[in-house]
*Asks:* 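Once you've had a glance at the structure underneath, I'll fire off some questions.
All values reported here derive from a predicted model rather than from experimental measurement. Below, read A as the first sequence line, B as the second, and so on, with proteins coming before strands; counting in each chain starts at 1. What you see below is based on every heavy atom in this structure, not just the backbone, and it leaves out hydrogens, waters and symmetry mates.
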Amino acid sequence: MYRTHTCGELNINHAGKNVTLSGWVQKSRGLGGMTFVDLRDRYGITQLVFNMEKDGELCRKARKLGREYVIQITGNVAERSNKNLKLPTGEIEILVDTLHVLNSSEVPPFTIETETDGGDELRMKYRYLDLRRQVIRKNLELRHRMAMEIRNYLSGENFIEVETPVLIKSTPEGARDFVVPSRMNPGQFYALPQSPQTFKQLLMVAGFDKYFQIVKCFRDEDLRADRQPEFTQIDCEMSFVDRDNLLDAFEGLSNHLFRSIMGVEINDKYPRMPYDEALRKFGSDKPDTRFGMEIKDLKEHTEGKGFQVFDSAEYVSGIVATGCADYSRKQLDELTDYVKKPQIGTRGLVYVKYNEAGTFKSSVDKFYSPDDLQKWADAMGAAPGDLMLILAGETESTRKALGELRLEMGRKLNLMDPKAYRPLWVVDFPLLEWDEETNRYYAMHHPFTRPYEEDLELFDSDPGKVRAKAYDLVINGVEIGGGSIRIHNEDLQQKMFDNLGFTREEAAKQFGFLMGAFRYGAPPHGGIAFGFDRWVALFAGLDSIRDTIAFPKNNAGRDVMIDSPSSIAEEQLEELFLEVKKEELKKIETRTSGRKQ
RNA sequence: GGUCUGGUAGUUCAGUUGGUUAGAAUGCCGGCCUGUCACGCCGGAGGUCGCGAGUUCGAGUCUCGUCCAGACCGCCA
């Protein structure tokens with residue numbers, strides 16, 4: 001028997017017991033006459049003691065142990081004379097009788113501790129060592145507990161988890177597909193699912209009126225800290241529901257997770273904020289509502305005073321930074337630099353200091369009188385001591401920039417309480433989105449999203465104004481999930497494809513199976529999918545989803561541990577009737593040979 | 001596709017105006033140490049300054065290219 005107990009469970013109540021433990025050597029501290037070894041496993045750390053007087057040979061053997069050796073010991077649980085109350089096992093230690101080295105270890109390239117000295121790159125390359133660290137393990141344990149709670153809760157609500165295929169069909173809408181060549185069907189390819197979208201709708205047609213699945217999805221797009229090429233969704237679909245039934249149902253799931261995992265009770269119903277309002281007030285379709293600082297329109301108060309920048313701008317708005325009237329020139333310059341970064345992309349920033357004394361100091365004093373500025377302050381709800389920050393330009397981009405500036409000020413002023421959770425639903429997204437490059441409309445959510453009946457007539461006059469029965473769950477400025485009520489009849493679906501510029505033939509070829517299914521009694525239905533990795537990251541307090549995933553990929557989509565993707569053998573290519581373009585292959589070769597070992 | 005930041009000891013980083021032998025901490029190795037738990041003290045080893053060109057009497061430092069990593073924009077729901 002390798003062990004009678006784990007390294008996390010022994011305490012003062014086990015004193016006197018004879019035990020066997022197995023684990024990794026976290027650290028050993030030799031003191032000449034005696035040696036202490038911290039033995040670690042998944043469950044915790046237990047201190048082992050070796051005494052030179054008691055057993056010199058054994059103690060000398062213990063002193064030779066290196067970090068991360070795997071050992072097995074037997075010994076007696078004893079109360080410590082010097083207790084360490086920082087550890088759950090800190091009141092006891094093991095007086096070791098026998099020591100057996102199960103496996104030695106090379107010196108690890110970084111320290112296996114909560115505060116590791118390893119950088120990201122190294123940690124990813126040796127992920128199996130990184131996963132030994134408590135902080136990382138704890139994230140995976142959180143992820144596991146959340147998955148269990150989700151399954152239990154949804155199962156209790158009569159949802160059934162159904163697996164859907166991974167080798168499916170490429171579709172033209174949405175993200176790029178990962179494709180898989182088919183050996184048995186030369187020249188043809190499967191695609192990996194961007195989500196099980198069509199299958200869950202078919203399950204609704206099949207009468208599984210409440211479906212869910214915790215499922216891997218794949219998108220071949222450029223990555224970010226919160227985006228991986230393969231990621232996990234909590235994919236859900238329900239029949240016989242309208243939008244509000246569905247939002248209520250999944251508020252239930254969200255509240256359950258907050259309660260069971262975080263011990264947080266969310267008493268209020270989640271606000272349902274129209275997309276337009278989110279953009280107008282927060283400059284974002286995923287507003288962080290932990291703090292106010294809403295965007296206020298100033299256009300009408302700025303006109304006709306000879307300030308060309310504002311007069312010629314389509315949009316002039318600002319935010320109020322409470323208590324920041326004493327900002328120095330340097331601080332204001334920093335903010336100006338921030339909004340002028342190419343990623344934000346504005347030409348400049350106008351500030352108005354509403355001084356404690358009631359006077360104004362602004363970068364546009366030349367054009368606007370104190371009375372004018374007072375009107376601005378009134379319109380924006382600014383009080384003496386506050387700083388008004390104003391941007392002008394084209395509506396859409398300037399709103400987004402103000403939204404970014406608002407978040408930056410929120411960070412600077414510590415307005416984002418990491419312990420506060422402000423979930424809300426953003427609703428009424430536009431159904432369609434115009435794309436300048438291809439000169440056509442695209443489905444903003446996806447082509448199966450149901451428009452509002454009362455907006456249907458706009459299809460012909462102003463398709464961009466048609467609102468969709470689509471919604472996102474946003475928590476603290478993070479988009480946690482999104483979904484929609486679906487189209488369930490063939491005519492409307494066809495109309496949608498028409499507006500997306502699909503010919504009948506194309507639509508039939510790509511989605512014929514779904515349209516066909518709709519002819520056989522499709523129930524009204526709708527669904528939602530949550531980004532599981534992001535939800536775990538939110539609960540774990542992480543900005544990146546990488547450490548919620550056991551084996552993540554880097555920002556180029558590479559797994560630096562197994563070094564994938566990689567080229568494949570010529571025979572494999574031939575079997576698949578594939579040929580790699582030579583000039584492309586050269587590029588790959590220089591990239592691979594140039595990589596650090 | 002683009003912007004920005006970084007790459008120096010096993011690791012995390014510092015390195016001044018371009019100037020003698022490239023430093024610190026930590027880890028590692030050796031010695032001392034019987035109550036440590038971030039143990040302590042003493043000593044030691046450890047460097048292709050990512051790679052390649054260029055400028056210069058002289059490059060870790062300046063220029064160009066390139067590779068790698070990270071963040072962001074585009075992209076993606």
Side-chain angles (χ1 to χ4, degrees), chain A residues 26-38 45-54 59 63-64 66-67 78 80-87 89-90 93 106-126 173-177 194-195 197 217-229 231 233 285-286 341-345 397 400-401 404 426 429 433 435-437 442-446 449 470-474 479-484 528-531 534 543-544 546 554-556 558 560 587 590-597:
Chain A
Q26 170 82 22
K27 182 160 247 180
S28 81
R29 292 176 292 278
L31 273 76
M34 61 196 322
T35 292
F36 299 97
V37 172
D38 290 338
I45 286 177
T46 298
Q47 177 167 287
L48 314 177
V49 196
F50 299 86
N51 196 310
M52 200 61 92
E53 233 166 52
K54 202 178 132 213
C59 194
R63 295 197 63 168
K64 289 209 185 94
R67 278 163 56 204
R80 290 198 203 179
S81 59
N82 243 3
K83 293 181 180 177
N84 181 354
L85 298 178
K86 281 183 273 183
L87 284 178
T89 60
E93 61 196 354
E106 284 186 23
V107 175
F110 53 88
T111 57
I112 316 266
E113 282 160 25
T114 298
E115 297 287 330
T116 183
D117 63 3
D120 288 339
E121 192 180 351
L122 204 61
R123 289 175 42 218
M124 285 306 162
K125 188 169 174 190
Y126 298 91
E173 293 289 294
R176 289 188 194 88
D177 289 312
Q194 299 173 23
S195 81
Q197 185 59 39
C217 302
F218 307 86
R219 288 177 193 161
D220 187 9
E221 295 293 345
D222 286 2
L223 307 174
R224 293 284 188 281
D226 62 350
R227 270 195 247 155
Q228 286 271 306
F231 60 100
Q233 282 191 345
D285 61 357
K286 44 180 180 177
K341 283 199 308 187
Q343 287 90 334
I344 309 291
S397 60
K400 277 179 74 179
E404 292 296 335
V426 176
F429 280 81
E433 199 174 22
D435 181 65
E436 295 288 346
E437 272 176 44
Y442 280 85
M444 192 167 189
H445 186 61
H446 56 54
T449 303
Y471 33 79
D472 277 358
L473 175 62
V474 175
E479 182 199 324
I480 291 294
S484 63
I528 190 165
F530 301 96
R534 284 189 191 170
D543 290 327
S544 167
R546 274 178 215 162
N554 73 7
N555 66 354
R558 298 201 67 86
V560 295
K587 264 191 217 165
T590 45
R591 268 182 57 184
T592 325
S593 63
R595 203 175 308 131
K596 262 200 288 187
Q597 272 309 297

*Asks:* Expressed as a whole number of Å, how far does the C1' atom of B/A9 sit from that of B/G15?
*Replies:*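 It comes out at 14 Å once rounded to the nearest Å.
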*Asks:* Counting only Watson-Crick or G-U wobble pairs whose two distances fall under 3.5 Å, which nucleotide matches B/U5?
*Replies:*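 In the structure as shown, B/U5 has B/A69 as its Watson-Crick or wobble partner.
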*Asks:* Would you find a donor on one side and an acceptor on the other, under 3.5 Å apart, between the side chain of A/Y471 and the backbone of A/G482?
*Replies:*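 A pair under 3.5 Å: no.
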*Asks:* Taking all non-hydrogen atoms of both residues into account, name the closest pair between A/E479 and A/R534 and its distance.
*Replies:*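 Minimum heavy-atom contact is O-NH1, 3.2 Å.
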*Asks:* Tell which nucleotide pairs with B/U12, taking only Watson-Crick or G-U wobble pairs whose two distances are both under 3.5 angstrom.
*Replies:*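 B/U12 is paired, partner B/A24.
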*Asks:* Hey, which sits more toward the 5' end of RNA chain B by its nearest nucleotide, A/G30 or A/N554?
*Replies:*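 With A/N554 and A/G30 compared, the 5'-side residue is A/G30.
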*Asks:* In whole angstroms, how far is the P atom of B/A38 from the CG atom of A/L87?
*Replies:*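 That distance rounds to 8 Å.
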*Asks:* Can you list the residues that meet the side chain to side chain donor-acceptor pair (under 3.5 Å) rule with A/K341, with sequence neighbours excluded?
*Replies:*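 Once residues adjacent in sequence are excluded, A/K341 has no partner under the side chain to side chain donor-acceptor pair (under 3.5 Å) criterion.
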*Asks:* Please report the interatomic distance NZ(A/K27) to CD(A/E113), rounded to the nearest 0.5 Å.
*Replies:*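 If I round to the nearest 0.5 Å, the distance is 4.5 Å.
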*Asks:* What is the distance from NZ of A/K27 to C1' of B/C37, rounded to the nearest Å?
*Replies:*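 Atom NZ in A/K27 sits about 9 Å away from atom C1' in B/C37.
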*Asks:* Does A/N51 have a side-chain nitrogen or oxygen under 4.0 Å from the phosphate oxygens OP1 or OP2 of B/U34?
*Replies:*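 For A/N51, the contact criterion (side-chain N or O under 4.0 Å from OP1 or OP2 of B/U34) is not met.
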*Asks:* Can you tell me if A/R546 touches the phosphate of B/A71, counting only side-chain N or O atoms and a distance under 4.0 Å to OP1 or OP2?
*Replies:*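 True: A/R546 side-chain N/O within range (under 4.0 Å) of B/A71 OP1/OP2.
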*Asks:* Is any side-chain heavy atom of A/R219 closer than 4.5 Å to a side-chain heavy atom of A/F231?
*Replies:*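 They are in contact (side-chain heavy atoms under 4.5 Å apart), so the answer is yes.
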*Asks:* Does any part of the side chain of A/T111, heavy atoms only, come nearer than 4.5 Å to the side chain of A/R67, both counted from C-beta?
*Replies:*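 Yes, close enough: below the 4.5 Å cut-off.
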*Asks:* Could you tell me the separation between the CZ atom of A/R558 and the P atom of B/C67, rounded to a whole number of Å?
*Replies:*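 Taking CZ of A/R558 and P of B/C67, I get 13 Å after rounding.
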*Asks:* Counting distance only, does the side-chain N/O of A/R546 pair as donor-acceptor with the main-chain N or O of A/N554 below 3.5 Å?
*Replies:*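 It does not hold such a pair.
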*Asks:* So A/D220, base contact, sugar-phosphate only, or nothing? Heavy-atom distance under 4.0 Å.
*Replies:*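 The residue A/D220 makes no contact with any strand.
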*Asks:* Treating A/E221 as the side-chain partner and A/R176 as the backbone partner, does any N or O pair qualify as donor plus acceptor under 3.5 Å?
*Replies:*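 Yes: the side chain of A/E221 pairs with the backbone of A/R176.
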*Asks:* How would you summarise protein contacts on nucleotides 72-77 of chain B per nucleotide, using B for base, S for sugar-phosphate only and - for none, with heavy-atom distances below 4.0 Å?
*Replies:* BBBBBB
*Asks:* Between B/C39 atom C1' and A/N84 atom CG, what is the distance in whole Å?
*Replies:*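 Atom-to-atom, A/N84 to B/C39, this comes out as 12 Å.
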*Asks:* Report the distance from atom CE of A/M34 to atom C1' of B/C39, rounded to the nearest whole Å.
*Replies:*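 Distance, rounded to whole Å: 13 Å.
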*Asks:* Could you tell me whether the phosphate oxygens of B/U36, OP1 or OP2, come under 4.0 Å of any side-chain nitrogen or oxygen in A/R29?
*Replies:*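 Answer no for this pair, as no side-chain N or O of A/R29 is under 4.0 Å from OP1 or OP2.
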*Asks:* To the nearest Å, how far apart are A/E93 CD and B/C39 P?
*Replies:*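 The answer, rounded to whole Å, is 16 Å.
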*Asks:* Say we look at B/A45 and B/G6: how far apart would their C1' atoms be, to the nearest angstrom?
*Replies:*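 Roughly 29 Å separates the two C1' atoms.
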*Asks:* Under 4.0 Å between any heavy atoms, over every strand shown, what does A/K341 touch: base, sugar-phosphate, or nothing? Just pick one.
*Replies:*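 No contact at all - A/K341 keeps every heavy atom at 4.0 Å or more from the nucleic acid.
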*Asks:* According to the Watson-Crick and G-U wobble definitions, with both distances under 3.5 Å, which nucleotide is paired to B/G35?
*Replies:*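 No nucleotide pairs with B/G35.
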*Asks:* Please name the nucleotide paired to B/C62 by Watson-Crick or G-U wobble geometry with both distances under 3.5 Å, or report none.
*Replies:*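 Partner of B/C62: B/G54.
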*Asks:* Indicate, with a heavy-atom threshold strictly under 4.0 Å, whether A/Q197 touches base, sugar-phosphate, or nothing.
*Replies:*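 Result for A/Q197 = nothing.
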*Asks:* Which base sits across from B/A77 as a Watson-Crick or G-U pair, both distances under 3.5 Å?
*Replies:*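 Its partner: none found.
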*Asks:* Classify A/L122 by what it touches in the nucleic acid, base, sugar-phosphate, or nothing, heavy-atom distance under 4.0 Å.
*Replies:*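 Answer is sugar-phosphate: A/L122 comes under 4.0 Å of backbone atoms only.
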*Asks:* Determine the interatomic distance between P on B/G46 and the same-named atom on B/C29; round to the nearest Å.
*Replies:*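 Result for the P pair: 16 Å, nearest Å.
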*Asks:* In residues 111-120 of chain A, which ones come under 4.0 Å of RNA chain B, going by heavy atoms?
*Replies:*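 Hits under 4.0 Å, by residue number: A/D117, A/G118, A/G119.
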*Asks:* Going through the distances and angles, do A/R29 and A/D38 end up as a salt bridge (Lys or Arg N to Asp or Glu O under 4.0 Å)?
*Replies:* CA-CA 9 Å; A/R29 292 176 292 278; A/D38 290 338; 2.9 Å; yes
*Asks:* Ring of A/F110 versus six-membered ring of B/U11: centres under 5.5 Å and planes under 30°?
*Replies:*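 The ring of A/F110 is not stacked on B/U11.
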*Asks:* Describe the nucleic acid contact of A/R80 in one word from base, sugar-phosphate, nothing, applying a heavy-atom distance below 4.0 Å.
*Replies:*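 Base, at least one base heavy atom under 4.0 Å.
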*Asks:* Nearest whole Å is fine: how far is B/C33 C1' from A/E53 CD?
*Replies:*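 Rounded to whole Å, this separation is 14 Å.
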*Asks:* Write down the distance between CZ (A/F50) and C1' (B/C39), rounded to a whole number of angstrom.
*Replies:*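 Rounded to whole Å, this separation is 17 Å.
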*Asks:* Are the side chain of A/D472 and the backbone of A/V474 linked by a donor-acceptor contact shorter than 3.5 Å?
*Replies:*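 Side chain of A/D472 to backbone of A/V474, a donor-acceptor pair under 3.5 Å: no, none is there.
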*Asks:* Counting N and O atoms only, with roles assigned by atom type, does the side chain of A/T89 sit under 3.5 Å from a partner on the main chain of A/I45, one being a donor and the other an acceptor?
*Replies:*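 Checking the backbone N and O of A/I45 against the side chain of A/T89, a donor-acceptor pair under 3.5 Å is found.
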